[in-house]
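This report refers to the structure that appears directly beneath it.
The model shown is predicted, which means the values in this text are computed figures rather than measured ones.
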Amino acid sequence: MSSYKLNINGISVGIKKVDDNTFVPKNIDVLGEVFTTKTFNIERSDIYDNTPINAEAKEWCTIRSFCTVVTENLKEEAAILIESLRMHHEQPVYVTCDTPTKLFLEARGFKDIIFNCSANPSALTALNRRYFSGKRHDSINRFHKTAPIMKKMEAMSYALRKTTNTFFLDCDIIVLKNLQEKFTKPVCLSPHYYPEADTLKGFQFGFYNAGYVFTTNKQFPNIWKWLYLNDSSFYEQEGMNRIPEWKEIETFGEEHNFGLWRDLNDIPPDLKSLHAHLSTNLDKDANPQHLKMNVNIRECANNILKNHHQKLYKYTQTVLNLHKREAFIHFGKCA
């Protein structure tokens, strides 16, 4: 299932290995277009599978659960995710986390949250030793953490043991509207919808975002895990390009999952969710380019919340400033 690409004058064309000495193009029409035209239409649907959800479907799956992964440094963002979910959804939320995060979220008083405390530091260290020591994802950057990423698949499996389907959301997702769609396929993925000039980044970083996945298929988390460990050049995300080879998919529209990879000057009018780190806890691990993108999407997200979702905006500011208030109280007691 390994992925290979042929680069022709800066244009990447997907190819696949037939035997030890033979490769063939994944799509002969795409290869032919590279040689017969001066321009290459990078919006072609055959670059990646972009099958919209069928708005005319007569029967569809109702969301039965949500799931996420959180470590202590992102516990405030998880609280924002759950608070924003609870404004629009009542389904149970399965949270894979560490013990301090569990205690923090329990103190917020959320209803119907099921915790799986399997992401404590010792467990993550064991995962790194077993799967990632000296392997491909070890040194790509300091921002993405290999072991917590694997917990995504575990979080989905945990939820799918309890319910018939689940919607995985990264803990830095902010829900603005009800996320129910007319789901009819086993897997629904969220394309990045890169600006046109960046579309081919999908071959390097993935055409689908790894923080926003709905599935009704109990085997899907294992497929995703296998791709992550065996056939992905950028963490768990680039390997998602091959998910359509394993399972039939459909895709979320542009109103979902608006994040730093998008054109921040082209915000969909019916925005349903944001993908942004509102806290600065991970900024220290970002390279200069990534840091700039983080700062820009944070400013964009805060403006959207402040101007259109005042109640949620006030909640985000309260949660993100809790540590300052606690520090002030502690200082007062010491004084």
Side-chain angles (χ1 to χ4, degrees), residues 53-55 57-70 74-97 101-102 104-119 151-190 208-222 224 247 249-253 255-259 270-276 305 309 311-312 315-316 319:
I53 293 169
N54 181 10
K58 303 301 181 185
E59 296 182 359
W60 61 87
C61 292
T62 301
I63 299 169
R64 297 300 183 188
S65 71
F66 293 90
C67 61
T68 192
V69 174
V70 197
L74 295 175
K75 62 184 184 296
E76 293 88 358
E77 296 193 354
I80 293 168
L81 164 64
I82 297 171
E83 175 70 15
S84 67
L85 260 178
R86 284 293 173 256
M87 291 180 174
H88 308 283
H89 288 274
E90 297 180 349
Q91 293 93 332
V93 182
Y94 292 85
V95 179
T96 295
C97 62
T101 297
K102 177 179 182 289
F104 178 83
L105 294 177
E106 283 180 331
R108 311 275 77 78
F110 296 121
K111 299 253 173 87
D112 215 357
I113 309 298
I114 300 93
F115 294 98
N116 172 24
C117 289
S118 65
K151 287 293 177 180
K152 291 185 178 187
M153 299 85 186
E154 182 178 313
M156 296 188 84
S157 292
Y158 183 63
L160 288 168
R161 287 197 294 270
K162 312 290 184 179
T163 61
T164 56
N165 64 57
T166 196
F167 196 151
F168 176 83
L169 298 172
D170 269 353
C171 66
D172 60 329
I173 296 291
I174 306 154
V175 180
L176 306 178
K177 295 186 177 182
N178 190 290
L179 302 183
Q180 180 66 57
E181 298 287 357
K182 292 185 176 181
F183 300 111
T184 60
K185 301 291 171 50
V187 180
C188 189
L189 301 178
S190 178
Y208 309 107
N209 184 254
Y212 207 90
V213 181
F214 175 81
T215 187
T216 63
N217 186 271
K218 293 184 183 296
Q219 287 74 46
F220 172 75
N222 290 331
W224 193 10
K247 293 292 177 183
I249 74 159
E250 57 196 346
T251 51
F252 289 101
E255 68 277 12
H256 285 269
N257 198 25
F258 188 84
D270 192 30
L271 196 61
K272 292 190 174 184
S273 52
L274 291 161
H275 197 154
L305 293 173
H309 304 273
K311 183 179 178 181
L312 183 55
Y315 182 85
T316 66
V319 170

With a 3.5 Å distance limit and no angle check, can you tell me whether Glu181 reaches the backbone of Ala55 through a side-chain donor-acceptor pair?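 Not a single qualifying donor-acceptor pair exists.
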Taking the side chain from Thr68 and the backbone from Tyr94, do they hold a donor-acceptor pair closer than 3.5 Å?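 Checking the backbone N and O of Tyr94 against the side chain of Thr68, no donor-acceptor pair under 3.5 Å is found.
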Does the ring centre of Phe168 sit less than 6.0 Å away from the ring centre of Phe214?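 No; Phe168 has its ring centre 6.0 Å or more from that of Phe214.
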Salt bridge (charged side-chain N to carboxylate O under 4.0 Å, His left out) involving Glu250 - partner list, sequence neighbours excluded: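 Per chain and number, Glu250 pairs via salt bridge (charged side-chain N to carboxylate O under 4.0 Å, His left out) with no residue.
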Identify, with sequence neighbours excluded, every residue that meets salt bridge (charged side-chain N to carboxylate O under 4.0 Å, His left out) alongside Lys182.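 Expected list: none.
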side-chain hydrogen bond (donor to acceptor under 3.5 Å, both in side chains) partners for [X], two or more places apart:
X: Ser84; result: none
X: Tyr315; result: none
X: Thr215; result: none
X: Glu83; result: none

Which pairs count as salt bridge (charged side-chain N to carboxylate O under 4.0 Å, His left out) when at least one residue sits in residues 151-169, sequence neighbours excluded?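 Found Lys151-Glu154, Lys152-Asp170, Lys152-Glu236.
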Excluding sequence neighbours, so at least two apart, what forms side chain to side chain contact (heavy atoms under 4.5 Å, CB included) with [X]?
X: Gln91; value: Ile63, Phe66, His89
X: Thr164; value: Arg64
X: Gln219; value: Asn217
X: Lys102; value: Cys97, Glu106, Phe115, Cys117

Residue list, ring-ring contact (aromatic ring centres under 6.0 Å, His included) with Tyr208, at least two apart or on another chain: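 In terms of ring-ring contact (aromatic ring centres under 6.0 Å, His included), with neighbours along the sequence ignored, Tyr208 is linked to Tyr48.
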Any ion pair linking Arg86 and Asp112 (charged N to carboxylate O, less than 4.0 Å)?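 Answer for the salt bridge query: no.
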Flag for Ser273-Tyr212: side-chain donor and acceptor within less than 3.5 Å: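 The answer is yes; a qualifying pair exists.
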